[in-house]
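Note sheet for the following structure.
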Amino acid sequence: MLFALLFLIMPTIHIVLGAFQTPEGAFTLRNLQGLAVPQVVRPFMLSIKISVLTAGLGCLFGLILAAAVTKGGLPGWIRDAMLTFSGVASNFAGVPLAFAFIATLGRLGLVTVILKEVFGINLAATGFNLISFLGLTLTYLYFQIPLMILIITPALDGLKREWREAAEILGASGSQYWRMVALPVLWPSLLGTFALLFANSFGAVATAMALTGSSLSIVPIILFAQIRGDVLQDPHLGYAIAFGMIVITGIANLVYIVLRTRAEKWIK
């Protein structure tokens, strides 16, 4: 509780208060009005775009993999290995993750060199660039998909075998069971996990900084530069940017908590 108070609650309160103050300490809404300038709006829109895309793809591929290891009749050791890897990969971010992708898919990365020398495929010639929107999206998926697997697996385990047997007795095919029974039951969990993955991507900064530097202007990078004093030169506008991030991630996490609670009640 002390740790949370010192490093989470008090800094958050300080940021929120600073977003509504002038340098002299008076109340103002000018800082929030500064969020409407193009230099701030574009990074917010780009961050939202990346977050929605990685959350959507993370939910899709994570659901497919989780369903395969829980309902696909695969050996138990595959499930254990998948969950173990997901537990590690979901927390593998920042500079190490950026370095791993540069060493793998960078211009002189291992996969890039193998594709060029063995298969004659030049990734650079195809227009692929790791230091881009697509490259950052691929990098984020490395921890988004495993996080989805960890969260959705208990929900898949909650699907009762009797429901599928009842559907099959009534003549439902496998696709009809998933469309009419399983997915409606899982829908709150899927939406809640999407919200959590959105917040997880929206607030990521170390990976983006290490991978793209300042070439891709997303909100965390703009905020980081603002804190360092490299751009804008207005600390209280930096507070406003941080306040905007808190609001967006807070709403996403609140949606996740509400939907997750409803999903757990339904499964019980």
(request) Locate the shortest heavy-atom distance separating Ala204 from Tyr140; write the atom from each residue and the value. (result) O-OH, 3.5 Å
(message) Quick one: does any side-chain atom of Ser201 pair with a main-chain N or O of Phe198 as donor and acceptor, under 3.5 Å?
(response) no
(request) Locate the shortest heavy-atom distance separating Leu141 from Pro146; write the atom from each residue and the value. (result) O-CD, 3.9 Å
(message) Given 3.5 Å as the limit, does a donor-acceptor pair link the side chain of Ser51 with the main chain of Ser47, or not?
(response) yes
(request) For the pair Asn31 (side chain) and Thr22 (backbone), establish whether a donor and an acceptor sit closer than 3.5 Å, ignoring hydrogens and angles. (result) no
(message) To check you understand the geometry: which heavy-atom pair defines the closest contact between Leu136 and Ile218, and what is its length?
(response) CD2-CD1, 4.3 Å
(message) Side chains of Thr153 and Thr70: any donor to acceptor distance under 3.5 Å?
(response) no
(request) Consider only side-chain heavy atoms of I, L, V, M, F, W and Y, link residues closer than 4.5 Å, and tell whether Leu134 and Leu57 are in one cluster. (result) yes
(message) Quick check: closest heavy atoms across Leu138 and Phe101, and the distance to 0.1 Å?
(response) O-CZ, 3.7 Å
(message) Quick check on Leu108: does its CG atom have over 12 non-hydrogen neighbours (other residues, nucleotides or ligands) under 6.0 Å away?
(response) no
(request) Kindly say whether Leu147 contributes a backbone atom to a donor-acceptor pair with the side chain of Ser90 at under 3.5 angstrom? (result) no
(message) Taking the six-membered ring for Trp, are Phe20 and His236 closer than 6.0 Å centroid to centroid?
(response) no
(message) Under 4.5 Å between side-chain heavy atoms, counting indirect links through other Ile/Leu/Val/Met/Phe/Trp/Tyr residues: same cluster for Val111 and Leu211 or not?
(response) yes
(message) Surrounding CZ of Phe128 (heavy atoms of other residues, nucleotides or ligands, distance under 6.0 Å), is the total greater than 12?
(response) yes
(request) Keeping the roles fixed (side chain from Lys71, backbone from Leu159), state whether a donor-acceptor pair exists under 3.5 Å. (result) yes
(request) Using modelled atom types only, decide if a donor and an acceptor are shared between the side chain of Gln176 and the backbone of Ser173 within a distance under 3.5 Å. (result) yes
(message) Pair Lys116, Ile121 - check side chain to side chain contact (heavy atoms under 4.5 Å, CB included), show working.
(response) CA-CA 5 Å; Lys116 183 176 182 180; Ile121 301 175; over 6 Å; no
(request) Group every Ile, Leu, Val, Met, Phe, Trp and Tyr by side-chain heavy-atom contacts under 4.5 Å, then state whether Phe202 and Tyr239 land in the same group. (result) no
(message) Quick one: does any side-chain atom of Gln21 pair with a main-chain N or O of Thr28 as donor and acceptor, under 3.5 Å?
(response) no
(message) Taking the side chain as everything from C-beta on, heavy atoms only, tell me whether Arg164 gets closer than 4.5 Å to Val181.
(response) no
(request) Report yes or no: does Asn253 contribute a side-chain atom to a donor-acceptor pair with the main-chain N or O of Thr249 at less than 3.5 Å? (result) yes
(message) More than 12 heavy atoms of other residues, nucleotides or ligands under 6.0 Å from CZ of Arg107: yes or no?
(response) no
(request) Is it possible for you to say whether Leu170 and Val185 belong to one hydrophobic cluster, with membership spreading through side-chain heavy-atom contacts below 4.5 Å? (result) no
(request) Quick one: closest heavy-atom pair of Gln144 and Leu197, and the distance? (result) NE2-O, 2.9 Å
(request) May I ask you to test the Tyr256-Ile151 pair for a side-chain heavy-atom distance under 4.5 Å? (result) yes
(message) When you group the ILVMFWY residues by side-chain heavy-atom contacts below 4.5 Å and let the links chain together, are Ile13 and Val16 in the same group?
(response) no
(message) One thing to verify: whether Arg79 and Asp157 come together as a salt bridge, which I'm taking to mean a side-chain N less than 4.0 angstrom from a carboxylate O.
(response) yes
(request) Provide the closest heavy-atom pair for Gly62 versus Ile152 in the form atom of the first, atom of the second, distance. (result) O-CG2, 4.4 Å
(message) Heavy-atom count check: over 12 atoms from other residues, nucleotides or ligands less than 6.0 Å from Phe3 CZ?
(response) no
